[in-house]
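These notes concern the structure reproduced below.
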Amino acid sequence: MRAIPPLLLFCLFLLLLPSIEMKKPGKGRGLKGARARGPRRHSRSGPSGLVSPNCLESTESGQVFVDCQDRRLSSIPTANTWSNKPKHLLLARNRIKVLHDGAFLGYENLDSLDLQQNQISLVEDGAFQGLTKLTTLLLQHNRLQTLSEEALIPMPNLGYLRLYDNPWNCLCPMDSLVRTLQVPSNRNLGNHARCAEPIWLKNMKLKHVDPELLCKEPDPANNQQNDETGYTGVLEPSSIRSKPDATTVCYTYHYPQIRMDCSNRGKLSVPSGIPDNVVHINLSHNSISHLKARDFHAAKSLRTLNLSNNNMEHLDKGSLTGLLHLQELDLSNNQLKFVQYGVLEDLYFLLHLKLEGNLWVCDYSIQYMVYWLSLHPGVSPSGLVCHSPLEYAGESVEEYVKAYNRECPKDRQQSRPDQDQTDPELWNTLMEAQGELEEEELEPSALRVPQKYQIIRLS
């Protein structure tokens with residue numbers, strides 16, 4: 001048997017060396033441990049994989065707010081992410097699809113939870129476990145088709161629940177939730193939420209649905225007959241409404257101040273049912289043609305009102321009645337030519353008034369606006385510029401009114417002299433008539449000359 005050359009043995013040793021290094025116990029455990037640490041770091045940091053989500057923590061009136069709106073989150077950040085335990089958690093406008101069991105463990109101090117405008121289609125029964133102090137839960141504008149009463153049991157203090165603008169499938173699995181919402185003491189739970197399916201319950205409010213109908217199988221014979229006649233067996237609410245409801249057509253944000261976003265809603269008029277505690281309303285980029293009297297009479301707490309970029313041509317007297325605390329009014333980019341007398345009388349605390357982009361006509365009708373601004377020097381107006389007539393186009397309305405007031409007395413003196421003061425003969429005649437009248441009033445009634453007609457009282 002031949003001996004193996006030393007050079008060949010050395011080459012074999014070099015080839016086997018990497019496999020020997022990989023089999024060392026310490027190295028293998030380290031690689032496995034590195035792989036195990038990856039998911040733990042991801043679970044701490046939330047869906048983004050960062051050390052902490054890019055959210056804003058703030059404190060107002062001693063309460064901690066965590067604002068995670070518009071952060072593209074797909075799951076709930078863990079509670080130990082924050083430096084302080086939040087009182088209000090804002091998760092609106094993200095990409096959350098499912099609320100798993102225990103999703104809010106560690107958030108036991110939460111008072112409000114905003115989950116609106118996500119993609120939530122499933123809420124597991126234990127999702128809200130531990131939220132015993134929660135009073136406000138916002139789930140509107142999602143994709144929920146069903147929700148069990150068991151999901152609400154961990155929240156005994158819940159007093160405000162929003163569920164509208166979800167495609168609720170009003171069948172047997174919704175029985176427990178519907179019965180809970182219809183308890184008289186739960187008057188603020190699930191208001192405005194409506195069935196999307198089945199067809200015979202479509203558009204009915206969950207508050208008004210007969211729970212007995214949810215688990216009742218439809219009769220095929222009746223269904224065939226209903227298809228032929230168009231009768232569904234359930235009276236649907238009328239689609240004709242004088243005004244849309246503010247709660248259902250607008251996005252409502254409750255913290256830190258109640259704000260309603262009703263912008264970009266197409267042919268939307270001023271909605272009804274504006275809550276009296278709303279502080280900010282955005283009605284811009286709609287098709288509002290004019291404001292009617294008492295459109296905002298219930299919005300007593302309103303501070304800012306944005307009506308810009310509509311088609312408003314007229315403001316009725318009384319349209320802004322009741323807005324005693326309004327501080328900012330935006331009327332820019334409309335079709336306004338003037339503001340009639342009395343419209344602005346309730347705006348005692350107004351600070352900012354935006355008026356640019358309108359068709360202000362510089363004649364006598366514009367003077368009320370200037371007069372009102374002169375009586376409210378604390379108001380800062382912007383954009384009050386003449387649009388017509390052409391001779392004043394581009395000129396400040398204030399300067400136009402000043403020029404008008406300077407020229408008006410001279411014009412009257414030259415073109416319309418007072419004839420009563422310039423005609424001596426007429427002046428003497430008037431004086432004589434006035435003297436005779438005064439002299440007659442001073443005479444005793446017995447000496448007065450009888451008039452042509454007398455009234456004689458017969459006893």
Side-chain angles (χ1 to χ4, degrees), residues 240-252 258-361 363-373 375-376 379-385 387-388 397:
I240 301 176
R241 295 183 181 180
S242 58
K243 280 188 175 184
D245 187 84
T247 307
T248 57
V249 301
C250 305
Y251 296 128
T252 305
I258 299 181
R259 174 172 58 92
M260 300 190 79
D261 184 3
C262 312
S263 61
N264 293 291
R265 293 296 185 275
K267 297 181 179 180
L268 177 69
S269 59
V270 178
S272 62
I274 298 176
D276 59 0
N277 56 353
V278 173
V279 179
H280 311 281
I281 295 182
N282 183 2
L283 283 162
S284 64
H285 296 90
N286 288 300
S287 299
I288 302 173
S289 59
H290 75 281
L291 296 186
K292 300 178 181 178
R294 299 176 62 82
D295 267 347
F296 300 99
H297 73 281
K300 300 177 181 179
S301 302
L302 204 60
R303 298 294 189 277
T304 63
L305 175 58
N306 187 351
L307 291 163
S308 64
N309 295 280
N310 280 279
N311 294 317
M312 278 192 300
E313 299 177 355
H314 186 66
L315 306 179
D316 285 354
K317 187 175 181 180
S319 57
L320 302 176
T321 298
L323 301 183
L324 303 178
H325 302 286
L326 193 69
Q327 297 178 357
E328 182 174 333
L329 176 60
D330 192 346
L331 296 172
S332 60
N333 300 309
N334 281 286
Q335 305 294 319
L336 293 171
K337 297 180 180 180
F338 67 95
V339 174
Q340 67 172 329
Y341 180 83
V343 170
L344 307 173
E345 294 309 303
D346 277 6
L347 308 183
Y348 297 110
F349 298 100
L350 193 67
L351 298 176
H352 303 284
L353 181 60
K354 299 180 180 180
L355 302 168
E356 55 266 22
N358 282 283
L359 307 178
W360 301 115
V361 177
D363 58 12
Y364 66 91
S365 61
I366 200 67
Q367 298 206 32
Y368 165 70
M369 174 73 78
V370 179
Y371 171 74
W372 186 88
L373 290 172
L375 297 179
H376 299 79
V379 178
S380 176
S382 62
L384 191 56
V385 177
H387 182 268
S388 63
V397 171

By ring-ring contact (aromatic ring centres under 6.0 Å, His included) - contacts of His297 (at least two apart): none
[atom1]-[atom2] distance between [X] and [Y], expressed to the nearest 0.5 angstrom:
{"X": "Leu347", "Y": "Thr321", "atom1": "CG", "atom2": "OG1", "result": "9.0 Å"}
{"X": "Arg259", "Y": "Thr252", "atom1": "CZ", "atom2": "OG1", "result": "9.5 Å"}
{"X": "Asp276", "Y": "Leu302", "atom1": "CG", "atom2": "CG", "result": "11.5 Å"}
{"X": "Arg294", "Y": "Ser272", "atom1": "CZ", "atom2": "OG", "result": "13.0 Å"}
{"X": "Ser319", "Y": "His290", "atom1": "OG", "atom2": "NE2", "result": "9.0 Å"}
{"X": "Met260", "Y": "Leu305", "atom1": "CE", "atom2": "CG", "result": "12.5 Å"}

Partners passing side chain to side chain contact (heavy atoms under 4.5 Å, CB included) against Val339 (at least two apart in sequence or in another chain): Leu315, Val343, Leu344, Trp360, Tyr368, Met369
Side chain to side chain contact (heavy atoms under 4.5 Å, CB included), paired with Pro271, selected from Ile281, Asp245, Val249: Val249
Hey, are the side chains of [X] and [Y] touching, using non-hydrogen atoms and a 4.5 Å cut-off?
{"X": "Val270", "Y": "Lys292", "answer": "no"}
{"X": "Cys262", "Y": "Leu268", "answer": "yes"}
{"X": "Val278", "Y": "Ile258", "answer": "yes"}
{"X": "Asn309", "Y": "Asn333", "answer": "yes"}
{"X": "Trp372", "Y": "Val379", "answer": "yes"}

Where is the tightest heavy-atom contact between [X] and [Y], given as atom of each residue plus distance?
{"X": "Leu329", "Y": "Leu320", "answer": "CD2-CD1, 4.0 Å"}
{"X": "His280", "Y": "Thr304", "answer": "ND1-OG1, 2.7 Å"}
{"X": "Ser332", "Y": "Asn358", "answer": "CA-ND2, 4.0 Å"}

Audit row: Asp363, Phe338, side chain to side chain contact (heavy atoms under 4.5 Å, CB included) steps and yes/no: CA-CA 9 Å; Asp363 58 12; Phe338 67 95; 6.0 Å; no
Under 3.5 Å: donor-acceptor pair, side chain of Asn334, backbone of Asn310: yes
Mutual orientation of the aromatic rings belonging to Phe349 and His325 [parallel < 30°, tilted 30-60°, perpendicular > 60°]: parallel
Residues Lys354, Glu328: salt bridge by 4.0 Å N-O rule: yes
Residues forming a side-chain hydrogen bond (donor to acceptor under 3.5 Å, both in side chains) with Ser263, sequence neighbours excluded: Asp261
Test side-chain hydrogen bond (donor to acceptor under 3.5 Å, both in side chains) applied to His314 and Asp316, step by step: CA-CA 6 Å; His314 186 66; Asp316 285 354; 3.2 Å; yes
